[in-house]
Amino acid sequence: MTASPMVVTRFAPSPSGHLHVGGARTALFCWAYAKGRGGSFTLRIEDTDQKRSSDAASIGFAKDLKWLGIDWDEGPEYEGSGGGPRGPYFQSERLPIYRRHLDRLIAAGNAYYAFETAEELTALREAAKAKGVPFRYKGEIARARSVEEIAALRAAGAPSVIRFHTRAGPITIEDEVLGTAVIPDGETDDFVIQKADGFPTYHFAVVVDDELMGVTHVLRAQEHFNNTAKHIVLQDALGFRRPTYGHLPLIVNPDGSKMSKRDKDKVLRKAIAERALTSPPVGTVDPATFAAWLKDKTIQLPPEVTTRLATLLGVTLPEINVDDFRRSGYLPEVLCNFLSLNGWSPGGDLEKFDNEFLREHFDLARVLKTPAKFDRAKLLAFNLHAISAMTREAFVTRAAAHGQAFHAGFMAKLTVAQFRSLCDASHERSKTLDDLFRSNTFITTADDDLVLDPKAVKKVLEGGSPCGYDILRGARAVLAPLADWTVGGLEGVLKPHAESAVGGSLGSLAQPLRVALCGSTVSPPIFDTLAILGRESSLARIDRCLAQSGVVA
RNA sequence: GGCCCCAUCGUCUAGCCCGGUCCAGGACACCUCCCUUUCAAGGAGGACACAUGGGUUCGAAUCCCAUUGGGGUCACCA
């Protein structure tokens, strides 16, 4: 025995969707724990469920992790991360390895073939439920079968699984977060370790791979806590070491429910019910799928359809996956910071820190035991603070990158100079990188296509005395001859004009202009708005607005 | 329901391990006022929590027990 072995942690998602924020936090903590101790962080893809796994999803994880700034030392190769001597890192490519250890277990009498069908097991479970007792698989019959009998059954093509023979006795779990727990004798039954399709189950693959990949510390969500008993008996039977465990508290919705991809469908169903829609909006799904989805709450629509429906219905889908937050314009460093605060804290009053800090200070002793409700309002506030702390230059760069990725059409309609002006004008009011694009659509709308919000028209243009239209007419008169159409120049004529025309209240001058220019009562500062739009567009919009006043009146 | 775990403001949490410095601190949200060319932002105030009941102790948010409440888990999903 020399020095203590290097710390090795791993994040092992199943590629059945995008990276969930809860998963992101687990990955972040695993990364921080290992890297903060000179250790190594491994990414492993647990694709042992042939029905649910997809290659696209595993690439998605890699992309999301990279975006968050989490690098892995070993694992699938992706943009400079990954590789390593203990691969492959996709479990579906490790079948022969599992086979070897499975054979050891069978040879030692610690595992056996079982031939019950899924239907038979379901019936057994229901019977137990009816009697009010928990179902535990008893393997006496299966275990009593002779080698010859088993061989004959298998040769005859009878589907079978392999189960682990759990020995009697309580199982003690030592956990760095939750402390010690004893699972009583009989709670852990003879669970399946190889499925009928020849793939190992999660329990088996995880134990084998953690051993072979040298994992020393298993940090995972608390929902796995009870599984630990299974993993421990497996490790003992296989002669493996037992890693240190740390179960992290769950991250849940504000109402206490589990954060799930299904939450998006839930929002859509609600919106549809409110509108009493009975058929799917055109261009979404076929009526049959739509009806089935409405009825069965467990069905999820494909992501593209979900997004399209949300747009058509005008509802905002909740962000669940890392990529959702990215689209919504959250900064990766803010997401990491905020996620760290769910279930861990550095102590004291400190709450703003970066990944480097986390890596230096993260420890299991300060991990909370209670589930954390994900507070989007606080996340938003953090994002706003981070954005306002940026230099103008940084904001332009980041906003442009976000725009190229998610609002290419918007970007294409603006010159570089216009975009920079827009950034400067919107920076301090941006809570997310996406705000810039969502709240300034008036810029990319053609002058003639601008729709004026009726409520704004009524309040700002038709109301007041003098009424907004009159103020607008007056403003047009001073703007038309202006040569220096810049923020400074505009301010130079408009401020004195406000002084003489509306008693010094710039507000009563700015609002009618804003509605004429943008169609709404909200926009960047009025001089910026005029400058970005330019003389021609601005005057055209004012004229159009004035012209329509005659029609309405 | 069985089993396991947990319990500080509405929310994220500090304090708990090593009882007194806590009539419990910070942040987000909320309320009021100020600032203001809109919306934000910003400034100044404010309201808001130790689940309950028993112990132990001179003294408990901090230790023990019970109750209640919450979460997790009981798959050929991970």
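Just so we're on the same page: letters track the sequence lines, and every chain starts at 1. All figures in this text were calculated on a predicted structure; none of them were measured in a lab.
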Task: Opposite nucleotide pairing with B:A66, Watson-Crick or G-U, both atom distances under 3.5 Å - done: B:U52

Task: Assigned partner base of B:G59, Watson-Crick or wobble definition, under 3.5 Å - done: none

Task: A:Arg125 side-chain N/O to B:A75 phosphate OP1/OP2 under 4.0 Å - done: yes

- [ ] Answer yes or no: side-chain N or O of A:Lys378 and base N or O of B:A29 forming a donor-acceptor pair under 3.5 Å.
- [x] no

Task: Nucleotide nearest A:His224 (side chain, heavy atoms from C-beta), chosen from B:A78, B:C28, B:C76 - done: B:A78

Open item on the list: Less than 4.0 angstrom between a side-chain N/O of A:Ser345 and OP1 or OP2 of B:A14, yes or no?
Closed with: yes

TODO: Using a cut-off of strictly less than 4.0 Å, decide whether A:His385 has a side-chain nitrogen or oxygen near OP1 or OP2 of B:G42.
DONE: yes

- [ ] Please state whether the phosphate of B:C76, meaning OP1 or OP2, lies under 4.0 angstrom from any side-chain nitrogen or oxygen of A:Arg163.
- [x] yes

- [ ] Report yes if a donor N or O on one partner sits less than 3.5 Å from an acceptor N or O on the other, where the partners are the side chain of A:Asn227 and the base of B:A78; otherwise report no.
- [x] yes

Open item on the list: For B:G70 and A:Lys369 - does any side-chain N or O of the residue sit under 4.0 Å from the phosphate oxygens OP1/OP2?
Closed with: no

- [ ] Could you tell me whether the phosphate oxygens of B:C76, OP1 or OP2, come under 4.0 Å of any side-chain nitrogen or oxygen in A:Arg52?
- [x] no

Open item on the list: Which nucleotide, if any, forms a Watson-Crick or G-U wobble pair with B:G1, using both distances under 3.5 Å?
Closed with: B:C74

Open item on the list: Measuring from atom CG of A:Asp354 to atom SG of A:Cys336, what distance do you get when rounded to the nearest 0.5 angstrom?
Closed with: 10.0 Å

- [ ] Would you tell me if any nitrogen or oxygen in the side chain of A:Lys195 comes within less than 4.0 Å of OP1 or OP2 on B:C77?
- [x] yes

- [ ] Using the P atom on both, measure B:A14 against B:A7 and round to a whole Å.
- [x] 11 Å

Task: Between B:C48 and B:C58 - C1' atom distance, rounded Å - done: 32 Å

- [ ] Compare side-chain N and O positions of A:Thr48 against OP1 and OP2 of B:A78 and report whether any pair is under 4.0 Å apart.
- [x] yes

Open item on the list: Treating A:Arg366 as the side-chain partner and A:Trp344 as the backbone partner, does any N or O pair qualify as donor plus acceptor under 3.5 Å?
Closed with: no

Open item on the list: Centroid separation under 6.0 Å, is that true for the rings of A:Phe338 and A:Phe374?
Closed with: yes

- [ ] Indicate whether OP1 or OP2 belonging to B:G15 is found under 4.0 Å from a side-chain N or O atom of A:Arg366.
- [x] yes

- [ ] To the nearest 0.5 angstrom, please state how far the CD1 atom of A:Ile173 sits from the NE2 atom of A:His231.
- [x] 10.0 Å

TODO: State whether A:Asp189 and A:Lys138 are salt-bridged, where the test is any N-O pair (Lys NZ or Arg NE/NH1/NH2 against Asp/Glu carboxylate O) under 4.0 Å.
DONE: no

Task: P-based separation of B:C33 from B:C39 [nearest Å] - done: 15 Å

